[in-house]
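Read through the structure below, which is laid out as C-alpha cells, and then see the notes.
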Amino acid sequence: MPDISNIDAMRHSLAHIMATAIKHKWPEAKFGVGPAIDNGFYYDIDLGDITISEDDFPAIETEMKKVIEADYPFEKMTMPIDEAIAWAKENNQPYKEELLNDLKRAGTTLAKDLNPDELGTIGGDKAEVDNVSFYKNGDFIDLCKGPHVVSTAKVGAFKLTKVAGAYWRGNNKNPQMQRLYGVAFAEDAELTDYLQKQEEALKRDHRKLGQELDLFVFSDMVGSGLPMFTPRGTILREELAKFSNSLRERYGFQKVWIPHMTKQQLYEVSGHWAKFGDELFLVKSQETSDQFVLKPMNCPHHTRIYASQPRSYRDLPIRYLETTTIYRDEKTGELNGLSRVRSATQDDSHAFCREDQIENEINNLMSAADELYQTVGMSLRVRLSYRDETDAYLGSKELWESAQKQLKNAVIANKLEYFEQEGEAAFYGPKIDFMVTDAIGREHQVATVQLDFVMPERFNLEYIDQDGAKQRPVMIHCALLGSIERFLAVYIEHTAGRFPVWLAPEQIRILTVNQESATIDFAKKVEVDAKELGLRVYTDNDNESIGKKIRSAELAKVPYIIVLGNKEIESQEVTPRIRKDMAVVDVPITVRIGDFLKTVANESKSRVLKTSL
RNA sequence: GCCACCUUAGCUCAGUUGGUUAGAGCGUUAGUUUUGUAAACUAAAUGUCGUCGGUUCGAAUCCGACAGGUGGCUCCA
C-alpha cells in the first residue's frame, strides 16, 4: 500500500512519468516545470508546432502505464552547476538551462527570485546551489530537487484531465507552453471519489442552474459578459438588494442615485483614469466634444453629492447607499458566467466620517454583514488587511495605526472569526475582506469594507470642526454582497438553486387535481389570498397527471407545493409538500389553508431558512 | 488579450469516409383522458446546422476569418 503522507512525492513523480511518456512520443519535447499541485500535478511542455489535445490523452496514459509497470527506480544524482548547464545545452533543454543560469546567478538569494514551483523542479536549497540534483527513471533524466517515490510503480491512481496554455514562468510576455494537468491520489477509491465530487460541483454550476431555473440569460447580440435577468432572476436580485439596504438604512444610510456615466474629468481627478484607463468603456457624445465614460465605480460620483454643500462636524457621518451597476471592460478571456462580468451591480455604500468615528461606523457595517451572512446561511470570516513597513501607502502613519486598531476593535466587538495580514492593504487605506465558505467547502471572497484616506484628499473634501477649522473626512467604502452578480454565482452554487422562502422566485405552487370549474375557482381563490399576503404563487392548471405536475414543481425547486381538489374544497385544509432541505420533520402535516398561507408569509418576512410547518 | 477545445430545434444530444427532403428524447401545441403527491395516451409544429467567405459537381461534415462559449494562463481598483 502506498504511503499516503508521500502523496506529493507521488504526484511529482507522476509529472516525471508523464514527461517520460511525452519524451517517448515526441523526443524533441522541451520541458519547463512540473510540480505537484492540489489533487494532482502538471508539466509545462514546449513541442514547437505540435499541439497536444485531449484526444492524445489515452495514448499518453498508456505510455505512462508502461513506465509504471516497468517499475524503474528513481535514482538521484548530483552534479556541479556548470556541468548541469552543459547537460541542458547538450540535451536541448533551453528552459532548464535558463533556470540553471538563474540559479547560478542568483546564488544564495535564489529563494526570493524563483517561485516555489520552479524551486521544486530545479532543486533550490541554498546549500544545493553548487551541486544540483537530477533524478533518473529508466531512460528519462530530469533536473529536479525531488523528493520522489522509490520507483515508478509506487505512484497510486491518476488521470490526465486537461491541457491548457500557460506562459513560461507565469509572465504574459514570455512564450506560451502547453500545460498538461493530471489528478492523482494514493488509492483508486480516492480518485473515483474526487471525480464524483467534480461531477457534483458541475451539477451546481450556476450557469447551468441559471438556465434550468430560468434566472438569467446572455445574448450574442448584447455581448459577452453582459447578463440579463429574467423575471425570476430579478426577484432574487431585488430581494437581496432590499435586504442589504435595509440592514444599513437601520444605521442611518440614505439612498442616493447617480447616472451611469460621467465626463472623463471625474476620473482624472480621482486618479482612476491614469491607473485603470484601459478597463473603462468610453462613450462618445455626438453633440459636444466631451469624452464620457461608463462608471467603473461609484465613489467619485458620491463625493460630488457630499461636496455639494458645506458640512459641519455635527453632520458627520454622512452615509450614502446605492444599488447600482458599474461597467468594466474586462478582457474577454476572463469572463465567466455571473462571477466575472462586464456589467456588475454593487450594493454600494459610502460613509464620510471623522477619524474618531471610524470604529463606530465599522462596527455598524460588521454587524450588518454578520446578520446578512447568517440569514443566507453562509459562514463568514474576515481578513483584516493592514499596511506593512514599506512606504507604499498614502496618509499619515498615525492615521493608519489608529484606523487599523479601530477596524480590529469593531471586528472583535462583533465576534467575527478573523485573521490579520500585513501588506494586504490598498495603498489608500486598510480594509476588511469578507470570505464565505459554501456548502461544498469552497471559500469565496465576496465583499470588502475599505477605509480610504486618499479620495477625500483628491476631491478636496472637507468639514468644519468645532473650532471652525477645515478638516478632511475619512471615506468608508462598503458593499455587503459585493456585486449582486458575483454573489448570486456563489449563492446559486451554495444552495444548488434551493433558495430560502424569502428569496425563492416562486414560493408556493398550487396544483389542481382536475380541470373542473369548482377546482379551478377554488385554486384561483387560494392564489388571490396568497397574493394578498404578498406571496409569490403560481397555479398549475395543466391537463396533466398530478404526478407530473409535482415532478415539474420539484424540479423548479419551489419551496411549497399544495395540491387542491375536492378533498381540500371540503376540508379547507391542505397537506403542503415541503421542499426536503427546509423540512424539520419528515411527516406530512395537514393545516388550514389560511394558516398555511399566513405561516409562509411570516417565514418570508422573517427570512427563515427552515420551515416551522 | 494569449493557448487548446467547442457551437446542429427552446433544452440535452445523435448525425457513419463530404452524397437526396438533417434525426431522437424532453419541452411546446392540439386532441383523448379528469387525473390525489416525482413522468397518462395519440398526433402535430419547430432548424439560415453560430455568422461570413473559400475549396468542391456537391459542405452540418474540409479550410479561413469573425462572434459566442468552456478549461487554463495573465489580470481583477
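Here is the naming used below: chain letters follow the sequence lines, and residue numbers restart at 1 for every chain. Nothing here was measured: the structure is a model prediction, and the numbers come from that model. Only heavy atoms go into these numbers, but all of them, side chains included; no hydrogens, no water, no symmetry mates.
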- Parallel under 30°, tilted from 30 to 60°, perpendicular over 60°: which one fits the rings of A:Phe216 and A:Phe218? perpendicular
- Message: Between B:A59 and B:U51, how many Å separate the two C1' atoms, rounded to a whole number?
- Response: 16 Å
- Item | Sugar-phosphate, base or nothing in reach of A:Lys549, heavy atoms under 4.0 Å | nothing
- If we ignore angles and hydrogens, is there a donor and acceptor under 3.5 Å between the side chains of A:Trp273 and A:Gln265? no
- Item | ring pair (Phe, Tyr, Trp, His ring centres under 6.0 Å) partners of residues 567-592 of chain A, not counting sequence neighbours, each pair once | none
- Quantified in whole Å, what is the C1' atom distance between nucleotide B:C49 and nucleotide B:A60? 4 Å
- Item | Letter per nucleotide, 5' to 3', of nucleotides 44-53 of chain B [B base touched, S only sugar-phosphate touched, - untouched; heavy atoms, 4.0 Å] | ----------
- Length of the line joining A:Asn514:CG and B:U34:C1', which is rounded to integer Å: 6 Å
- Message: Counting only heavy atoms not in A:Glu334 (residues, nucleotides, ligands), do more than 12 fall under 6.0 Å from its CD?
- Response: yes
- Message: If only side-chain N and O atoms count, and only distance matters, is there a donor-acceptor pair under 3.5 Å linking A:Thr325 with A:Ser343?
- Response: no
- Message: Side chains of A:Glu568 and A:Gln572 only: does a donor on one sit below 3.5 Å from an acceptor on the other?
- Response: no
- Query: When all nucleic acid strands are considered with a 4.0 Å heavy-atom cut-off, which category describes A:Gln445: base, sugar-phosphate, or nothing?
  - Reply: nothing
- Note on the structure: RNA chain B in dot-bracket form (Watson-Crick or G-U pairs under 3.5 Å, [ ] crossing, | inter-strand) is (((((((..((((.....[...)))).(((((.......))))).....(((((..]....))))))))))))....
- Note on the structure: Scoring nucleotides 70-77 of chain B by protein non-hydrogen atoms under 4.0 Å (B base, S sugar-phosphate only, - none) yields SBBBBBBB
- Item | B:G54 and B:A77, which share atom name P, separated by this distance in whole Å | 47 Å
- Task: Examine the side chains of A:Thr324 and A:His260 and answer whether a donor and an acceptor come within less than 3.5 Å of each other.
- Result: yes
- Item | A:Gln178 side chain to A:Ile52 backbone, donor-acceptor under 3.5 Å | yes
Listing time: all N or O pairs from protein to nucleotides 28-32 of chain B that are below 3.5 Å?
from	atom 1	to	atom 2	distance (Å)
B:U32	O4	A:Asn543	ND2	3.0

- Message: Any donor-acceptor pair under 3.5 Å linking the side-chain atoms of A:Glu527 with those of A:Tyr538?
- Response: no
- Item | Between B:U56 and B:U61 - P atom distance, rounded Å | 16 Å
- Message: Looking only at side-chain N and O atoms, does A:Asn298 offer a donor or acceptor that is under 3.5 Å from a partner on A:Gln346?
- Response: yes
- Task: Starting from P on B:G36, measure out to CG on A:Asp540 and report it in whole angstrom.
- Result: 15 Å
- Query: Counting just side-chain N and O atoms, does A:Ser224 come under 4.0 Å of either OP1 or OP2 of B:G68?
  - Reply: yes
- Message: Taking A:Arg387 first and then A:Glu424, would you say they form a salt bridge - that is, a charged N and a carboxylate O separated by under 4.0 Å?
- Response: no
- note: A:Leu338, atom CG; B:G69, atom P; distance rounded to Å ~ 12 Å
What's touching nucleotides 5-14 of chain B from the protein side, N or O pairs under 3.5 Å?
from	atom 1	to	atom 2	distance (Å)
B:C11	O3'	A:Gln211	OE1	3.2

- Task: Please report the closest heavy-atom contact between A:Leu481 and A:Asp347, naming both atoms and the distance.
- Result: N-OD2, 2.8 Å
- B:U20 to B:C3 separation - P atoms, rounded to the nearest Å: 37 Å
- Query: Which value, in whole Å, describes the distance between the C1' atoms of nucleotides B:U7 and B:C13?
  - Reply: 13 Å
- Query: Can a donor-acceptor pair be found between the side chains of A:Lys549 and A:Thr512 at a distance below 3.5 Å?
  - Reply: yes
- Please work out which of the three classes, parallel, tilted or perpendicular, describes the rings of A:Phe352 and A:Tyr320, given edges at 30° and 60°. perpendicular
- Query: Of the options A:Lys431, A:His350, A:Gln450, which is the one that meets A:His477 in a side chain to side chain donor-acceptor pair (under 3.5 Å)?
  - Reply: A:His350
- Task: Give a yes-or-no answer on whether the side chains of A:Asn541 and A:Thr539 include a donor-acceptor pair shorter than 3.5 Å.
- Result: no
- Query: When the P atoms of B:C6 and B:A24 are considered, how many whole Å apart are they?
  - Reply: 26 Å
- Query: Which part of the nucleic acid, if any, lies within reach of A:Ile550 when heavy atoms closer than 4.0 Å are counted: base, sugar-phosphate only, or nothing?
  - Reply: base
- Message: Taking the C1' atom in each of B:G68 and B:G50, what is the distance between them to the nearest angstrom?
- Response: 7 Å
